[in-house]
Amino acid sequence: MKHELEELLARAVARLREQGLLPDEGELPAPSVEPARDPAHGDYASNLALVLARAARRPPRELAEALLTALPPSERVERVEVAGPGFLNFRLAPAAWQAVVTEVLAQGPAYGTSSLGGGRPVQVEFVSANPTGPLHVGHGRGAAYGAAVASLLEAVGYRVHREYYVNDAGRQVDILALSVWLRYLEALGEPVAFPAGGYRGGYVAEIADALRRMEGEALRRAAAEVEEGLPPDAPDGDKEARLDALVARGRALLGEAAWRRVAELAGERVLEGIRRDLEAFGVRYDAWCSERRLVEGGAVARAVERLREAGHAYERDGALWFRASAFGDEKDRVLVRESGQPTYFASDVAYHLDKVERGFERIIDVWGADHHGYVPRLRAALQALGVDPQRLEVRLVQFAVLYRHGRKVQMSTRSGQYVTLRELLDEVGRDAARFFYVMRRAEQHLDFDLDLAKRQSADNPVYYVQYAHARICSVERQLREQGLERDPGRGERHLHLLREGHEVALLRLLARYPEVVEAAALAREPHQVAHYLRELAQAFHTYYNAHTFLVEEAGLRDARLNLVFAVRQVIRNGLGLLGVSAPEAM
RNA sequence: GCGCCCGUAGCUCAGCCGGAUAGAGCGUUGGCCUCCGGAGCCAAAGGUCAGAGGUUCGAAUCCUCUCGGGCGCGCCA
């Protein structure tokens, strides 16, 4: 609807240009039409005349009149008028609104989708948490947001590839392996003081049990032997140095092969848990990309080499640096450490280069907001490699703070004191979690009220929307119980009877849905869909309370049923985009 | 110290590529069930859009500064 009006305006502009009322050369702003906020302003309004006033060097109102005259007639538009400082207000013919019901029912699940993206490939990488422990509620937000953005892009016609980057190379994995091995030794009666920087979660001990079942006592070493001559742990010493020394000692005592077995077991177990949690959360991926594969396959070395060949890398203090400061970053960054080990940054450059080479025109990364300082260096690297840095789009997601009984739930990753995504799912359920996570703009801090998420009442927006859906299903059941026959064709022929204020409000909302999906997809803002659904549900509940659908008169009854079934379809489609179910009964 | 994000009703937030009287939910107060599910509906009260300048015909929206909150400034990931 919106686009049709914009098309009419574009033709009016073209005509005015022919008449010399508008400058013939140069780009003019594209006409834009918005749903009118105030019903007194009609159904849609355009500020085109105000926007063009300067270029045309004419008063906005005069220009608006000219546009009005030049506007081609349309049977869907009942009236257009100039108002206020120069707005064009459109009032649509009632039939234009009523037709949306038939459109929704005909398109079904496809209503709201479009081909805007033209099948262009887009990659969305999200969550990508280190496989060193279970996902927590912070990752949950990234998961819900990333999945919703991916669905939205798919809905508007992009070919979307969902990917999880697994940081399985690097020091963190060794620390996990170490933590598991120490728990294993402990269980065998060789207690080594657990390092301050080790992973303490219960899952570590579980993996240690598995290790014992697989390896028996083969990896047992005397505690004294493990600790002998190591630097002190925090608070007296440096906990990082202690960790590195423990890892080195473990490697030496077990041998590289055995150490790798421990590390792989631990990494796989944790990743398996992450996969299961995401699955339960309704989040699916097309690919899981392993950092270790990039390193071992030489992709990282190649990326580093390309930077060096392009003259953007140099050696200093025994390390290899990338000249990031030449590409807008605040300082240069290390690619290869003094030790010869590539940094995380180096593999990330390789990974993003790989994304580009795989042909993704647009690369969307969803990161925790604490990584924001990392964006400029990655962009810098892409630019240095001759890739347009605009192709990389980083979406930052702020943390979620849980509230229980009105109090903040304290969390700290370090001590392992955090609420896992799994626990959240067990407590509030998948639907409430998914919806709550995307209710707010991603870059806004989220206060997650656990009590509200569990509440089964109108205060809870998830239930409120789902209830509207279930209620419509209930109407359908009621229809059968009353022995009434529904005839959709008869409903379609009687859509002109839908003239009540509540009905018109619903029609307008239904017509707006595709615009909401499009706007939400382009802005990467699933919260727009959540807000829209609440609005739609409210309009439905209001209608439900004000009018009976199952009336005697068959024509009106079927028209109303067509309307509410269209509402049901849109609720289902919208909830689907957010990963929330649409129950038939509650 | 530098950089990024944020500050809108008692609370949680929309609105932010400038546009017509600043919206919603919760909470508060008062109403609505012989009627398709009351997990619902209706109504009222509630605002110096953090503050100060600037740009503009027009600023919650753009720019500058100040104040307040969060995050980041590793050869960690």
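Because only heavy atoms are used, hydrogens play no part in the values below, and waters and symmetry mates are left out as well, while side chains stay in. First the proteins, then the strands, lettered A, B, ... as listed; each starts at 1.
Residue-level contact check: A:Glu481 touches neither bases nor backbone, having no heavy atom under 4.0 Å from any strand. At a threshold of 4.0 angstrom between heavy atoms, the contacts of A:Thr542 are confined to the sugar-phosphate backbone, with no base atom among them. If you check every strand for non-hydrogen atoms under 4.0 Å, A:Phe399 touches nothing. Base contact: A:Asn47 has a heavy atom under 4.0 Å from a base atom. Using a 4.0 Å heavy-atom cutoff across all strands shown, A:Ala585 reaches at least one base atom of the nucleic acid. Across all strands shown, A:Ala45 has heavy atoms under 4.0 Å from base atoms, whether or not it also approaches the sugar-phosphate. Using a 4.0 Å heavy-atom distance criterion, A:Asp317 is classed as a base contact. Nucleic acid contact for A:His502: none, since no nucleic acid atom lies under 4.0 Å from a heavy atom of the residue. Within 4.0 Å of A:Ala369, counting heavy atoms only, lie sugar-phosphate atoms of the nucleic acid but no base atom. At a threshold of 4.0 angstrom between heavy atoms, the contacts of A:Phe345 with the nucleic acid are absent.
Below the 3.5 angstrom threshold, one finds a donor paired with an acceptor across the side chain of A:Asn89 and the base of B:A20.
B:C26 and B:G10 make up a base pair, with Watson-Crick or G-U wobble contacts both under 3.5 Å. Pairing of B:U48, defined by two Watson-Crick or G-U wobble distances under 3.5 Å, is not identified with any nucleotide. Base-pair partner of B:C76: not found among the strands shown (Watson-Crick or G-U wobble, both distances under 3.5 Å). As the counterpart of B:C4, B:G70 is assigned, both hydrogen-bonding distances of the Watson-Crick or G-U wobble pattern falling under 3.5 Å. For B:C62, the paired base is B:G54 (Watson-Crick or G-U wobble, both distances below 3.5 Å). Pairing for B:C41 goes to B:G31, judged as Watson-Crick or G-U wobble with the two contacts each under 3.5 Å.
Taking atom C1' in both B:U8 and B:C49, one finds a spacing of 4 Å when rounded to whole Å. Taking the C1' atom of each, B:G38 and B:G31 are spaced 14 Å apart, rounded to whole Å. Distance noted for atom C1' between B:A14 and B:C26: 14 Å (whole Å). Comparing B:A77 with B:A52, their C1' atoms are spaced 42 Å from each other, to the whole Å. As rounded to the nearest Å, B:G51 and B:G7 have C1' atoms that lie 11 Å from one another. Of the P atoms belonging to B:C63 and B:U55, the separation is 15 Å, rounded to the nearest Å. Taking atom P on both nucleotides, B:G47 is separated from B:C11 by 13 Å, rounded to a whole Å. For the P atom pair drawn from B:A60 and B:U34, the interatomic distance equals 48 Å after rounding to whole Å.
A cation-pi arrangement is not found for A:Arg141 relative to A:Tyr145, the charged atom failing to lie both closer than 6.0 Å to the ring centre and inside a 45° cone about the ring normal.
For the pair A:Arg508 and A:Asp43, the salt-bridge criterion is met [side-chain N within less than 4.0 Å of a carboxylate O]. Contact check on A:Arg486 versus A:Glu476 returns no salt bridge, with no Lys/Arg side-chain nitrogen under 4.0 Å from an Asp/Glu carboxylate oxygen. Looking at A:Arg242 and A:Glu240, no side-chain N of the basic residue comes within less than 4.0 Å of a carboxylate O on the acidic one, giving no salt bridge. Between A:Arg377 and A:Asp332 there is no salt bridge, since no side-chain nitrogen of the basic residue lies less than 4.0 Å from a carboxylate oxygen of the acidic one.
Set against B:A20, B:C75, B:C71, the side chain of A:Ala83 has B:A20 as its closest nucleotide. Of all nucleotides listed (B:C75, B:G19, B:G37), B:G37 comes nearest to the side chain of A:Arg477. Ranking B:A39, B:C36, B:C75 by closeness to the A:Tyr544 side chain, first place goes to B:C36. Taking only side-chain atoms of A:Arg171, from C-beta outward, the nucleotide of B:C76, B:C75, B:G37 with the closest atom is B:C76. Taking the side chain of A:Val334 as heavy atoms from C-beta on, and the options B:C75, B:A77, B:G37, the nearest nucleotide is B:C75.
Annotation: A:Glu485, atom CD; neighbour count of heavy atoms from other residues, nucleotides and ligands within 6.0 Å does not exceed 12. The environment of A:Glu584 atom CD is sparse: at most 12 non-hydrogen atoms of other residues, nucleotides or ligands sit within 6.0 angstrom.
In summary, the aromatic rings of A:His502 and A:Phe540 are positioned with their centroids too far apart to meet the 6.0 Å limit. Taking the centre of each ring, A:Tyr314 and A:Phe322 stay at or above the 6.0 Å mark.
When rounded to the nearest whole Å, the span between CD of A:Glu34 and P of B:A20 equals 11 Å. Rounded to whole Å, atom P of B:G19 lies 17 Å from atom CG of A:Leu88. Look at CG on A:Asp365: it is 17 Å from P on B:A77, rounded to the nearest Å. Residue A:Leu63 contributes atom CG, which lies 17 Å from atom P of B:C57 at whole-angstrom precision. For A:Gln538 and B:C41, the CD to P distance is 6 Å, given to the nearest whole Å. As rounded to whole Å, 11 Å separates atom C1' of B:C76 from atom CZ of A:Arg377. Atom CD of A:Gln478 and atom C1' of B:C36 are 5 Å apart (whole Å). Atom C1' of nucleotide B:G70 and atom NE2 of A:His371 are separated by 16 Å, given to the nearest angstrom.
Under the stacking definition used here (centres under 5.5 Å, planes under 30°), the residue A:Phe87 qualifies as stacked on the base of B:A20.
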What string of B, S and - do you get for nucleotides 2-15 of chain B, 5' to 3', if B is base contact, S is sugar-phosphate-only contact and - is no contact with any protein heavy atom under 4.0 Å? -BBSS-----BSSS
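Using a 4.0 Å cut-off, no side-chain N or O of A:Tyr464 falls inside it from OP1 or OP2 of B:G38.
Looking at A:Tyr164, A:Tyr344, A:Tyr165 one by one, the single match for ring pair (Phe, Tyr, Trp, His ring centres under 6.0 Å) with A:Tyr351 turns out to be A:Tyr165.
Residues meeting the side-chain hydrogen bond (donor to acceptor under 3.5 Å, both in side chains) test with A:Ser46, sequence neighbours left out: none.
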